[in-house]
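Below is one structure, written out as structure tokens, with a few remarks after it.
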Amino acid sequence: MKRVPVCGEDSGVPYSAPTVYRLLPTADAEILATELRNRVPVVTDNEAVCVVVAHGFSGSIGRPALRAVTDELRRHVSVLSMDLRGHGRSTGTCTFGDREVLDVDAAVGEARRLGYRKVVTMGWSMGGAAVVRHAGLAAAGEMTHGHRLRHRPDAVVTVSAASRWFVRDTAPMRRIHWFAETASGRVAARLGLGVRIAADPWPEIPAAPVEVIGGIAPTPVLIVHGDRDSYFTVEHPRALAAAAGPTAQLWLVPGFGHAEAGVVPGLVDRIGAHLPDLLAGRPEWAQCARRMARETGPSPAG
């Protein structure tokens with residue numbers, strides 16, 4: 001009987017590892033819903049990369065915008081995404097990038113446990129602040145809410161993130177503050193967005209991303225921001241890049257709006273293709289950034 005080739009063997013059809021859903025505990029006893037989308041069936045290659053993805057406020061692994069991001073990334077790397085605390089099927093309450101560093105730490109540790117020696121953290125908006133703070137605090141060895149961050153990433157990608165707290169100079173951020181600071185706003189966030197927010201999410205004001213990003217070096221950092229971001233002006237990525245120092249690279253992307261929902265075609269694919277250079281700290285960064293800015297889309301008029 002003639003042998004029929006199977007998918008991923010000699011049929012010419014690329015292998016697609018199954019998506020794995022797990023519950024992941026954090027150091028402070030929250031339980032995170034996670035989704036692992038392996039690019040390879042078994043991690044045997046020392047060069048295999050896993051990207052830990054942290055979504056923005058009101059995001060979730062089940063939302064189409066984040067699904068589109070992980071679909072694009074999976075063409076290049078394995079992807080471990082999660083519902084941050086207070087979102088989706090995870091426990092706890094949203095703390096706007098403060099305790100979320102414990103979520104990121106748990107996910108990086110899980111990727112290491114699965115055999116990935118190269119782990120990149122990628123955060124979007126609120127998640128972008130969380131991955132910057134996680135890498136900076138982990139490098140400093142500081143205790144965070146009574147717990148030490150034990151799992152440092154090999155590179156950090158922060159997209160559409162704020163540099164500082166209490167940004168009220170845009171209408172979308174004034175709305176976020178209403179969600180956080182008023183009882184009616186918290187009810188609206190829970191019923192309308194599925195986000196659970198504590199009445200006092202910050203008993204003490206945590207260090208802002210711009211205050212800790214300088215401690216991430218020599219770990220490379222890629223800062224991506226859109227020139228049409230309606231939440232955070234380009235002042236924020238420029239402040240982060242200045243504070244981060246020479247190991248950081250800034251991409252200001254023409255036409256890009258805010259976070260997952262504002263992504264322009266080709267941007268996530270370009271980030272995924274750039275990860276080997278980012279991890280290696282290669283000097284092609286600046287050339288890639290200029291090429292990406294030209295190819296992603298035309299500059300806005302005016």
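Shortest non-hydrogen contact noted between M82 and A54 is CE-CB, 4.3 Å. Across A129 and T158, no two heavy atoms sit closer than the pair N-OG1, 4.4 Å. Counting all heavy atoms, side chain and backbone alike, S81 lies closest to I61 at OG-CG2, 3.5 Å. For the pair E260 and G56, the tightest heavy-atom approach, listed with the atom from each and the gap, is OE2-N, 3.1 Å. The two atoms that bring F232 and S125 nearest to each other are CE1-OG, 4.0 Å, heavy atoms only. Taking all atoms of both residues into account, the shortest heavy-atom contact from A161 to L240 is O-CD1, 4.3 Å.
Checked for salt-bridge contact, R238 and E235 miss the test: no charged N lies under 4.0 Å from a carboxylate O. Residues D98 and R85 are not paired through a salt bridge, judged by the lack of any N-O separation under 4.0 Å between the basic side chain and the carboxylate. By the 4.0 Å N-to-carboxylate-O rule, R67 lies close enough to E35 to be salt-bridged with it. Look at R148 and D105 and you find no salt bridge, because none of the NZ, NE, NH1 or NH2 atoms lies under 4.0 Å from a carboxylate O. The residues R99 and D28 are annotated as salt-bridged, a charged nitrogen and a carboxylate oxygen being separated by less than 4.0 angstrom.
Linking Ile, Leu, Val, Met, Phe, Trp and Tyr whenever their side-chain heavy atoms come within less than 4.5 Å leaves V187 and I176 in two separate clusters. Using a 4.5 Å cut-off between side-chain heavy atoms of Ile, Leu, Val, Met, Phe, Trp and Tyr, with links allowed through other members, Y21 and L66 fall into different hydrophobic clusters. Linking Ile, Leu, Val, Met, Phe, Trp and Tyr whenever their side-chain heavy atoms come within less than 4.5 Å puts V234 and L250 in one cluster. Transitive grouping of hydrophobic side chains (ILVMFWY, heavy atoms separated by less than 4.5 Å) keeps M143 and V104 in distinct clusters. The hydrophobic clustering, which links ILVMFWY residues whose side-chain heavy atoms are closer than 4.5 Å, places I205 and F96 together.
For S90, the side chain to side chain contact (heavy atoms under 4.5 Å, CB included) criterion is met by L32, A33, D83, not counting sequence neighbours. F256 pairs by the ring-ring contact (aromatic ring centres under 6.0 Å, His included) definition with nothing, not counting sequence neighbours.
A distance-only check finds a donor-acceptor pair linking the side chain of D227 to the backbone of G255 [under 3.5 Å]. Using a distance-only test at 3.5 Å, with no hydrogens or angles considered, no donor-acceptor pair links the side chain of R168 to the main chain of M173. Between the E100 side chain and the T95 main chain, a donor and an acceptor come within less than 3.5 Å of each other. Proximity of a side-chain donor or acceptor of R74 to a complementary backbone N or O of V69 within less than 3.5 Å is not detected. Distance alone, capped at 3.5 Å, places no donor-acceptor pair between the T93 side chain and the I197 backbone. R133 contributes a side-chain N or O that, together with a main-chain N or O of G97, makes up a donor-acceptor pair within less than 3.5 Å. Panel note: side chain T219, backbone A155; no donor-acceptor pair is recorded below 3.5 Å. With S78 contributing its side chain and N38 its backbone, the two residues share no donor-acceptor pair below 3.5 Å. The backbone N or O of A107 lies less than 3.5 Å from no partner atom in the side chain of E110, so there is not a single donor-acceptor pair. In this structure a side-chain-to-backbone donor-acceptor pair under 3.5 Å is present from R270 to G266.
When side chains are defined from C-beta on, H274 counts as touching L222, because their heavy atoms get closer than 4.5 Å. Contact of the L275 side chain with the D277 side chain is not registered, since no non-hydrogen atoms from C-beta on lie closer than 4.5 Å. Using a 4.5 Å heavy-atom cutoff, the side chains of T121 and V157 are not in contact. Between R37 and D71, the closest side-chain pair of non-hydrogen atoms falls below 4.5 Å. Contact check for R175 versus Y231: side-chain heavy atoms found under the 4.5 Å cut-off. Looking at heavy atoms from C-beta onward, W165 lies out of side-chain contact with V210 at the 4.5 angstrom threshold. Contact annotation: the side chain of E72 never approaches that of V263 to less than 4.5 Å [non-hydrogen atoms, C-beta and beyond]. Residues P153 and V120 fail the side-chain proximity criterion, which asks for heavy atoms closer than 4.5 Å.
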Would you check, one step at a time, whether the test side chain to side chain contact (heavy atoms under 4.5 Å, CB included) holds for R22 with L36? CA-CA 8 Å; R22 288 192 177 96; L36 175 65; 3.7 Å; yes

Test side chain to side chain contact (heavy atoms under 4.5 Å, CB included) applied to H87 and M126, step by step: CA-CA 12 Å; H87 290 74; M126 181 186 77; 3.8 Å; yes

Applying side chain to side chain donor-acceptor pair (under 3.5 Å), run through H76 and D269 and close with a yes or a no. CA-CA 8 Å; H76 304 276; D269 185 56; 2.6 Å; yes

Under the side chain to side chain contact (heavy atoms under 4.5 Å, CB included) criterion, do Y116 and L80 qualify, and how do the steps go? CA-CA 11 Å; Y116 289 97; L80 176 59; over 6 Å; no

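Distance NE2/H147 to CD/E142: 15.5 Å, rounded to 0.5 Å. One finds the OG1 atom of T170 at 8.0 Å from the CG atom of D229 (value rounded to the nearest 0.5 Å). With values rounded to the nearest 0.5 angstrom, L137 atom CG is found 4.5 Å from T144 atom OG1. Distance NE2/H55 to CG/L84: 4.0 Å, rounded to 0.5 Å. Distance CG/L191 to CZ/R186: 13.0 Å, rounded to 0.5 Å. To the nearest 0.5 Å, atoms OG (S163) and CD (E211) are separated by 10.0 Å.
Between H236 and H225, the ring center distance fails the sub-6.0 Å criterion.
Using cut-offs of 30° and 60° on the angle between ring planes, the pair F166 and H177 is tilted.
Through side-chain heavy atoms spaced under 4.5 Å, either directly or across other Ile, Leu, Val, Met, Phe, Trp or Tyr residues, L23 is tied to I31.
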